[in-house]
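Working notes, structure below.
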Amino acid sequence: MITPDDLDAAVTCVVDALRPTVDQDWSAPAGSLDWSCRTTAEHIAQAHLHWATQLAVAAQTKYVRWSATAQELAPPAGVLDFVEAAGRILALIVRSTPAAIRAYHPWGIGDPEGFTAMACVESLLHGHDLTSTLGTPLTPPADLCARILARAFPHEPHPTDDPWLNLRWLTGRTEIPTTPTPTTWKWRPTPLDEPWNPTPEPAPMPFTPLTS
């Protein structure tokens, strides 16, 4: 089971890893992404805030239409504050949302736990993208990564005993010798005991990272 405490732990892990980098150049690409480090960090926060909104109004057929970004002149430290604040807001919303609530996501109708698991994925994987460029280690708790895989990716292979390695491999961020890297992947927002019919192809997020 994934809980708001897990999201808080994921956010803390990423923020603590990135705090020593705020004097660096965040205009460089984040890991293997085309986005800059700043844009990638903003994307994490945007995802968290959008999912908080989805749960807050129990949106059923589409995303609530709005966008947010850090202030244009905010330094990396300010952008990182935005990331942390957005994650904390989502955790608070999940804590106050009944488990029976369902909300729209392009890959399936999700429950609060499903959105929490997705937010943990966003935090840790994009945190990895950022730390790969900015040169600080990111080592999330193995038990947290195992629970994320069990909730968000029960349908995907888990080829090793290292859940953090599996999570990075599954999403194309590292290789495992003799094991082909997946070319596509999809997380599951929908509860494991409910029918799940995801779209045939990965659906684009309705929120595009905003460059500053």
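Being a predicted model, the structure only gives us computed values, none of them experimental.
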Do the side chains of M1 and M118 join up, straight or via other hydrophobic residues, at under 4.5 Å, putting them in one cluster? no
Donor-acceptor under 3.5 Å (T136 side chain, A17 main chain): yes
Distance-minimising heavy-atom pair for W169 and P180: CZ2-O, 3.1 Å
When the ring planes of H105 and W107 are compared, do they come out parallel, tilted or perpendicular, using 30° and 60° as the limits? perpendicular
On a heavy-atom basis, the closest approach of L7 and A119 is CD1-CB, 3.7 Å
Flag side-chain contact, heavy atom, 4.5 Å: W164 against L144: no
Check for a donor-acceptor pair, side chain of H128 on one end and backbone N or O of G31 on the other, with a separation under 3.5 Å. no
Rounded to the nearest 0.5 angstrom, the OG1-CG distance for T3 and D8 is 8.5 Å
Pair D162-T160, side chain to side chain donor-acceptor pair (under 3.5 Å): steps then yes or no: CA-CA 5 Å; D162 182 340; T160 78; 5.5 Å; no
I93 backbone acceptor or donor facing S96 side chain under 3.5 Å: yes
Parallel, tilted or perpendicular: which describes the rings of Y63 and H50, with under 30° parallel and over 60° perpendicular? perpendicular
Donor-acceptor pair, side chain of T53 and main chain of V64, under 3.5 angstrom: no
Smallest heavy-atom separation, C120 atom then I2 atom, equals SG-CG2, 4.4 Å
If we only count heavy atoms from C-beta on, is the W196 to P189 side-chain gap below 4.5 Å? yes
Do L170 and W185 have side-chain heavy atoms sitting under 4.5 Å apart? yes
T97 versus P112, closest heavy-atom pair with distance: CG2-CG, 3.7 Å
Salt bridge or not between R95 and D5? Use side-chain N to carboxylate O under 4.0 Å. yes
Using modelled atom types only, decide if a donor and an acceptor are shared between the side chain of E42 and the backbone of A70 within a distance under 3.5 Å. yes
So if you build clusters from Ile, Leu, Val, Met, Phe, Trp, Tyr with side-chain heavy-atom gaps below 4.5 Å, do V57 and L49 land together? yes
Shortest non-hydrogen pair, N166 vs P159, comes out as OD1-CD, 3.5 Å
With a 3.5 Å distance limit and no angle check, can you tell me whether H126 reaches the backbone of V121 through a side-chain donor-acceptor pair? no
Between D16 and C13, is there a donor-acceptor pair closer than 3.5 Å when you use the side chain of the first and the backbone of the second? no
Is there side-chain contact between R147 and D6, with heavy atoms separated by less than 4.5 Å? yes
Can a donor-acceptor pair be found between the side chains of R88 and T12 at a distance below 3.5 Å? yes
Look at the aromatic rings of W187 and F153 and report parallel, tilted or perpendicular, splitting at 30° and 60°. tilted
Atom CD of E194 with >12 non-hydrogen neighbours under 6.0 angstrom: yes
Write down the atom of G87, the atom of V11, and the distance for their closest heavy-atom approach. CA-CG2, 4.0 Å
Would you find a donor on one side and an acceptor on the other, under 3.5 Å apart, between the side chain of Q46 and the backbone of A68? yes
Does any N or O in the side chain of T171 come within less than 3.5 Å of the main-chain N or O of L167, such that one atom is a donor and the other an acceptor? yes
P76 side chain reached by T21 side chain, heavy atoms, under 4.5 Å: no
Run the numbers on S36 and R38 for side chain to side chain donor-acceptor pair (under 3.5 Å), then give the verdict. CA-CA 5 Å; S36 71; R38 181 189 176 98; over 6 Å; no
Can R151 and D111 be counted as an ion pair, charged N to O under 4.0 angstrom? yes
Look only at the side chain of Q54 and the backbone of R102, and say whether a donor-acceptor pair between them is shorter than 3.5 Å. no
Among side-chain atoms of T190 and R188, is any donor-acceptor pair under 3.5 angstrom? no
The test is side-chain contact (heavy atoms from CB on, under 4.5 Å); show your working for I176 and T181 and say whether it passes. CA-CA 7 Å; I176 297 175; T181 303; over 6 Å; no
Please check if any side-chain donor atom of T40 sits under 3.5 Å from a side-chain acceptor atom of D129, or the reverse. no
